[in-house]
Amino acid sequence: MSFFQNTCKPDGLGGKLMVKMMNYGHRELSKWGFAQLDLRDNVQILDAGCGGGANVALWLEKCPHSCVTGIDYSAVSVNESQKLNESAIKAHRCEILQASVAQLPFPDAQFSYVSAFETIYFWPDLVSCFREINRVLQAGGIFFICNESDGTDSRDEKWTKKINGMRIYSEEEIYTALKTAGFHNIKSSSEKKKRWLYLSAQK
């Protein structure tokens with residue numbers, strides 16, 4: 001497996017290095033994404049595809065009276081995220097589980113927010129995964145997506161060639177998938193120079 005394949009599903013020593021790199025490298029994107037949203041506290045939150053856990057930590061900081069769950073299908077990501085958020089886990093404010101977004105291990109209508117940072121590129125069958133997110137959201141809950149690539153730069157194709165299973169979606173493609181999965185009140189924002197993309201959708 002090539003080192004870059006660890007962006008899809010981190011594994012082994014290379015995977016540990018990759019999640020640490022992603023925690024650091026995606027910080028500005030995450031801050032920008034969170035700034036798009038008016039947050040409520042004292043809620044249940046899910047970070048889907050939590051990677052190394054940096055965004056779980058941001059959720060815990062921004063919503064200090066909330067409980068945050070992170071899921072990832074990579075055992076390496078789960079382990080690293082648990083280490084990073086150890087104190088919150090001990091305080092029963094956080095839980096990190098190994099699971100797939102295609103089949104979430106949660107009851108219907110559990111969460112007020114679900115976030116997906118730099119991860120939907122690797123989700124199988126986007127509409128089905130979005131329907132699963134919709135299922136675990138409470139009525140009126142918000143799902144938001146933050147991508148570093150908006151699908152408009154042909155240079156990004158080098159990554160889809162290097163990383164098996166990766167697909168970079170345009171704003172229109174994500175919007176259509178969200179609509180098909182039953183979401184409404186879909187909003188988007190972009191950082192044109194960096195080609196960052198944010199979408200939020202309501203159940």
Side-chain angles (χ1 to χ4, degrees), residues 22 25-51 53-72 101-102 104 106 108-154 156 159-160 166-203:
M22 290 190 293
H26 297 155
R27 287 184 305 173
E28 294 305 312
L29 174 74
S30 297
K31 290 178 184 176
W32 175 78
F34 272 110
Q36 312 301 312
L37 195 63
D38 292 325
L39 296 175
R40 294 185 293 114
D41 202 355
N42 197 25
V43 294
Q44 292 278 336
I45 297 161
L46 174 65
D47 186 40
C50 65
N55 291 311
V56 170
L58 266 175
W59 271 118
L60 289 162
E61 177 186 326
K62 291 180 176 296
C63 300
H65 303 291
S66 296
C67 291
V68 182
T69 301
I71 62 122
D72 204 286
V101 71
L104 294 170
F106 309 112
D108 296 355
Q110 178 169 336
F111 300 101
S112 294
Y113 295 104
V114 179
S115 57
F117 290 91
E118 278 291 275
T119 181
I120 69 165
Y121 314 121
F122 312 112
W123 290 9
D125 190 346
L126 207 59
V127 171
S128 293
C129 290
F130 285 179
R131 285 190 175 124
E132 194 55 354
I133 297 292
N134 188 289
R135 179 185 67 78
V136 301
L137 270 171
Q138 298 168 0
I142 300 294
F143 173 37
F144 77 97
I145 298 162
C146 211
N147 285 354
E148 202 168 37
S149 301
D150 65 2
T152 65
D153 191 344
S154 60
D156 288 336
W159 297 113
T160 58
M166 182 180 187
R167 179 176 173 185
I168 298 174
Y169 296 94
S170 68
E171 179 180 341
E172 183 179 357
E173 288 173 318
I174 300 170
Y175 181 98
T176 299
L178 287 167
K179 198 80 174 174
T180 303
F183 287 96
H184 70 284
N185 195 22
I186 302 168
K187 300 176 183 178
S188 63
S189 180
S190 61
E191 214 293 343
K192 297 297 185 184
K193 289 184 179 179
K194 297 179 179 179
R195 294 189 171 87
W196 291 349
L197 180 61
Y198 163 95
L199 288 96
S200 67
Q202 191 170 27
K203 177 173 177 177

Query raised in the report: Which residues pass the salt bridge (Lys or Arg N to Asp or Glu O under 4.0 Å) test with R135, sequence neighbours left out?
Result: D108, E132
Query raised in the report: Can you name the side chain to side chain contact (heavy atoms under 4.5 Å, CB included) partners of E191, sequence neighbours left out?
Result: W32, K193, K194, W196
Query raised in the report: When rounded to the nearest 0.5 angstrom, what distance separates CG in N185 from CG in L178?
Result: 11.5 Å
Requested in this report: Using the side chain to side chain contact (heavy atoms under 4.5 Å, CB included) rule, take N134 and F143 through it: C-alpha gap first, then chi angles, then the decisive distance, then the call.
Outcome: CA-CA 8 Å; N134 188 289; F143 173 37; over 6 Å; no
Report task. Test side chain to side chain contact (heavy atoms under 4.5 Å, CB included) on F111 and I133 and set out the steps. Result -> CA-CA 9 Å; F111 300 101; I133 297 292; over 6 Å; no
Requested in this report: Would you sort out whether R40 and S112 count as a side chain to side chain contact (heavy atoms under 4.5 Å, CB included), showing the intermediate values?
Outcome: CA-CA 9 Å; R40 294 185 293 114; S112 294; 3.7 Å; yes
Query raised in the report: Who passes salt bridge (Lys or Arg N to Asp or Glu O under 4.0 Å) against E28, sequence neighbours left out?
Result: K31
Report summary line: One should read off an interatomic distance between S188 OG and E172 CD, to the nearest 0.5 angstrom, of 11.5 Å
Report summary line: Note: C129 and A102 closest approach over all heavy atoms is SG-CA, 4.0 Å
**Report entry** Gap separating the CG atom of N42 from the SG atom of C67, nearest 0.5 angstrom
**Finding:** 8.5 Å
Query raised in the report: Roughly how far, to the nearest 0.5 Å, is the CG atom of L104 from the CG atom of L46?
Result: 6.5 Å
Query - For the student: nearest non-hydrogen atoms of A116 and D47, plus distance - result: N-OD1, 4.4 Å
Report summary line: Closest heavy-atom pair, D72 versus G51, reported as atoms and distance to 0.1 Å, is OD2-N, 2.8 Å
Query raised in the report: Should C63 and V68 be marked as a side chain to side chain contact (heavy atoms under 4.5 Å, CB included) after you check the CA-CA gap, both sets of side-chain angles, and the distance that decides it?
Result: CA-CA 9 Å; C63 300; V68 182; 5.9 Å; no
Report summary line: Heavy atoms of A109 and Q138 approach each other most closely as O-CG, 3.2 Å
**Report entry** Which residues share a salt bridge (Lys or Arg N to Asp or Glu O under 4.0 Å) with E173, sequence neighbours left out
**Finding:** R167
Donor-acceptor pairs under 3.5 Å, side chain of residues 120-127 to any protein atom, not counting sequence neighbours: which ones?
{"unit_1": "Y121", "atom_1": "OH", "unit_2": "E118", "atom_2": "OE2", "d": "2.4"}
{"unit_1": "Y121", "atom_1": "OH", "unit_2": "E148", "atom_2": "N", "d": "3.0"}
{"unit_1": "Y121", "atom_1": "OH", "unit_2": "S149", "atom_2": "N", "d": "3.2"}
{"unit_1": "W123", "atom_1": "NE1", "unit_2": "T119", "atom_2": "O", "d": "3.4"}
{"unit_1": "W123", "atom_1": "NE1", "unit_2": "T119", "atom_2": "OG1", "d": "3.0"}
{"unit_1": "D125", "atom_1": "OD1", "unit_2": "S128", "atom_2": "N", "d": "3.4"}
{"unit_1": "D125", "atom_1": "OD2", "unit_2": "S128", "atom_2": "OG", "d": "2.8"}

**Report entry** Any donor-acceptor N/O pair, N55 side chain to C50 backbone, under 3.5 Å
**Finding:** no
Query - Partners passing ring-ring contact (aromatic ring centres under 6.0 Å, His included) against F144 (at least two apart in sequence or in another chain) - result: F34, W59, F117, Y198
**Report entry** Distance, nearest 0.5 Å, that separates CD1 of I168 from CG of L197
**Finding:** 11.5 Å
Query raised in the report: Which atoms form the tightest heavy-atom contact between I71 and F106, and what is the distance?
Result: CG2-CZ, 3.7 Å
Requested in this report: Mind checking the CG-CD1 spacing from L60 to I45? Nearest 0.5 Å is all I need.
Outcome: 7.5 Å
Query raised in the report: So do L137 and Q202 actually touch side chain to side chain, heavy atoms under 4.5 Å?
Result: no
Report task. Taking the side chain as every heavy atom from C-beta outward, state whether Y169 and I145 have any pair of such atoms under 4.5 Å apart. Result -> no
